[in-house]
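Input: a single structure, listed below in structure tokens.
Numbered from 1 within each chain, the chains take letters A, B, ... in sequence-line order.
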There are 2 protein chains.
Amino acid sequence: MDTLLKTLADEKRREILRLVWSEELGATEIAQHFPNVTRTAISQQLSLMKRVGLLNERRAGTHRFYRAQHREVLRVQQFLNGYWSDSLQRLKELAEAIEKGEVTA
Amino acid sequence: MDTLLKTLADEKRREILRLVWSEELGATEIAQHFPNVTRTAISQQLSLMKRVGLLNERRAGTHRFYRAQHREVLRVQQFLNGYWSDSLQRLKELAEAIEKGEVTA
DNA sequence: GTCATATGTTAGCATTTTCTAACGTAAGGA
DNA sequence: TCCTTACGTTAGAAAATGCTAACATATGAC
């Protein structure tokens, strides 16, 4: 779990995750979203994220398409929501608050 | 937010947070829960956690008592729950699943 | 086979993190 | 005042992280 949380504790990686949240993208395409970082760096992040289970890889010819592994993100959310004692109560309150539009989802 | 998440991405710090979640403890007392780490290391973690807002400090004579700042943890939970697009739907499902006992809170 | 495209891998460096050991400080009791 | 207790701070070493540059591999087009 530490590894997963640590991986999410980085804006760049969260941005990658959002890019491939609902559509799969190739490594080059993903890298192009980050003008200030090398393709190499992104490639390393992708393989890290794949290793911890946050990304899924599909190979097709010379391409490799990545997409988010929603289940793992949900695992982290559940973990954090449940880690501290009275969090069930707060989770329910949060869900209600979101429904009422009191906080932003 | 990165800083907060990163701080939580460490089992030792999460353990500290749990120790002072519902009662305040002194630094020495906290350190005694970690036989394998120096008091100095714990002291540094405490001041880090205080800096990022996860802990609150109350001084009394020669003692310094720490306690968890629930609000900041809630902020992280909200952030993660809300960060990805369809998470509201999943949050609601999660809350229901927890109520039905299908997953562990 | 030859070349271009898409992508991973490796080596090396800089930065950050975390820990220990030694030292500093402040409050309270004898 | 002197000593103890409870802590923090600093310096320095060790390990982890993230990035760039250079090189390797594999697929497909011609």
Side-chain angles (χ1 to χ4, degrees), chain A residues 1-21 23-69 72 76, chain B residues 1-20 23-69 72-73 76:
Chain A
M1 180 53 70
D2 274 34
T3 321
L4 257 178
L5 258 176
K6 216 165 162 186
T7 306
L8 286 180
D10 181 283
E11 168 60 24
K12 199 169 299 158
R13 288 190 286 252
R14 286 196 304 272
E15 182 63 26
I16 290 178
L17 203 54
R18 279 204 302 177
L19 284 174
V20 298
W21 187 257
E23 60 169 343
E24 58 176 21
L25 292 176
T28 302
E29 225 167 341
I30 294 173
Q32 284 168 346
H33 277 84
F34 300 90
N36 304 320
V37 193
T38 321
R39 184 189 57 77
T40 301
I42 297 299
S43 175
Q44 285 167 355
Q45 298 288 13
L46 290 175
S47 94
L48 167 67
M49 294 173 75
K50 196 180 93 183
R51 187 169 40 225
V52 306
L54 279 174
L55 292 186
N56 200 284
E57 177 193 287
R58 179 176 70 85
R59 302 195 182 188
T62 169
H63 288 76
R64 299 196 190 186
F65 295 102
Y66 293 93
R67 71 161 201 276
Q69 197 79 48
E72 287 304 296
V76 177
Chain B
M1 180 52 71
D2 274 34
T3 320
L4 257 178
L5 259 176
K6 213 167 164 185
T7 306
L8 286 180
D10 181 281
E11 169 60 24
K12 199 168 300 158
R13 288 190 287 251
R14 286 197 304 272
E15 183 61 26
I16 290 178
L17 203 54
R18 277 204 303 178
L19 285 174
V20 298
E23 61 169 344
E24 58 176 20
L25 292 176
T28 302
E29 223 166 343
I30 294 173
Q32 284 168 347
H33 277 84
F34 300 91
N36 304 321
V37 194
T38 322
R39 184 190 57 78
T40 301
I42 297 298
S43 174
Q44 285 168 355
Q45 298 288 13
L46 289 175
S47 94
L48 167 67
M49 292 173 73
K50 195 180 94 184
R51 184 165 358 129
V52 305
L54 279 174
L55 293 185
N56 202 282
E57 178 193 288
R58 179 176 71 86
R59 301 195 183 188
T62 170
H63 289 75
R64 299 197 189 185
F65 294 103
Y66 293 93
R67 71 163 200 275
Q69 195 80 49
E72 287 305 297
V73 176
V76 177

How many whole angstroms separate atom CG of Asp10(A) from atom P of dC19(D)? 7 Å
Output the rounded distance in Å from CG (Asp2(A)) to C1' (dA15(D)). 16 Å
Could you state the interatomic distance from CD1 (Ile42(A)) to CD1 (Ile30(A)), rounded to the nearest 0.5 Å? 8.0 Å
Looking at five pairs on each end of the helix from dG1(C)-dC30(D) to dA30(C)-dT1(D), what is the angle between the two axes, given to 10 degrees? 10°
Would Glu11(B) and Arg14(B) pass as an ion pair if we require N to O under 4.0 Å? yes
Just by distance, do the side chain of Arg13(B) and the backbone of Thr7(B) share a donor-acceptor pair under 3.5 Å? yes
Measuring from atom CG of Leu8(B) to atom OG1 of Thr3(B), what distance do you get when rounded to the nearest 0.5 angstrom? 11.0 Å
Nearest-angstrom distance from the residue atom CE of Met49(B) to P of dT17(C): 16 Å
OP1 or OP2 of dG18(D) versus the side-chain N and O atoms of Lys12(A): is any pair under 4.0 Å? no
Separation of dT20(C) C1' from Phe34(B) CZ (nearest whole Å): 17 Å
Are Glu15(A) and Lys12(A) close enough for a salt bridge, meaning some N to O gap below 4.0 Å? no
Lys6(A) side chain near dA16(D) phosphate (N/O to OP1/OP2, under 4.0 Å): no
Nucleotide-resolved protein contact map, nucleotides 5-11 of chain D, B/S/- at heavy-atom distance under 4.0 Å: -BBBBBB
Less than 4.5 Å apart, side chain to side chain, heavy atoms only: is that true for Val52(A) and Lys6(A)? no
I need the CG-C1' distance between Leu5(A) and dT17(D), as an integer number of Å. 17 Å
Within this structure, what is the CD-CG distance for the pair Glu24(B) and Leu55(B), rounded to the nearest 0.5 Å? 11.5 Å
Interatomic distance, OH@Tyr66(A) vs CG@Leu17(A), rounded to 0.5 Å, equals 14.0 Å
Taking all non-hydrogen atoms of both residues into account, name the closest pair between Ile16(A) and Gln45(A) and its distance. CD1-CB, 4.2 Å
Using heavy atoms to find the nearest nucleotide of DNA chain D for Ile42(A) and Gly61(A) separately, return the residue whose nucleotide is more 5′. Ile42(A)
Arg58(A) CZ to dT7(C) P, in whole Å, measures 12 Å
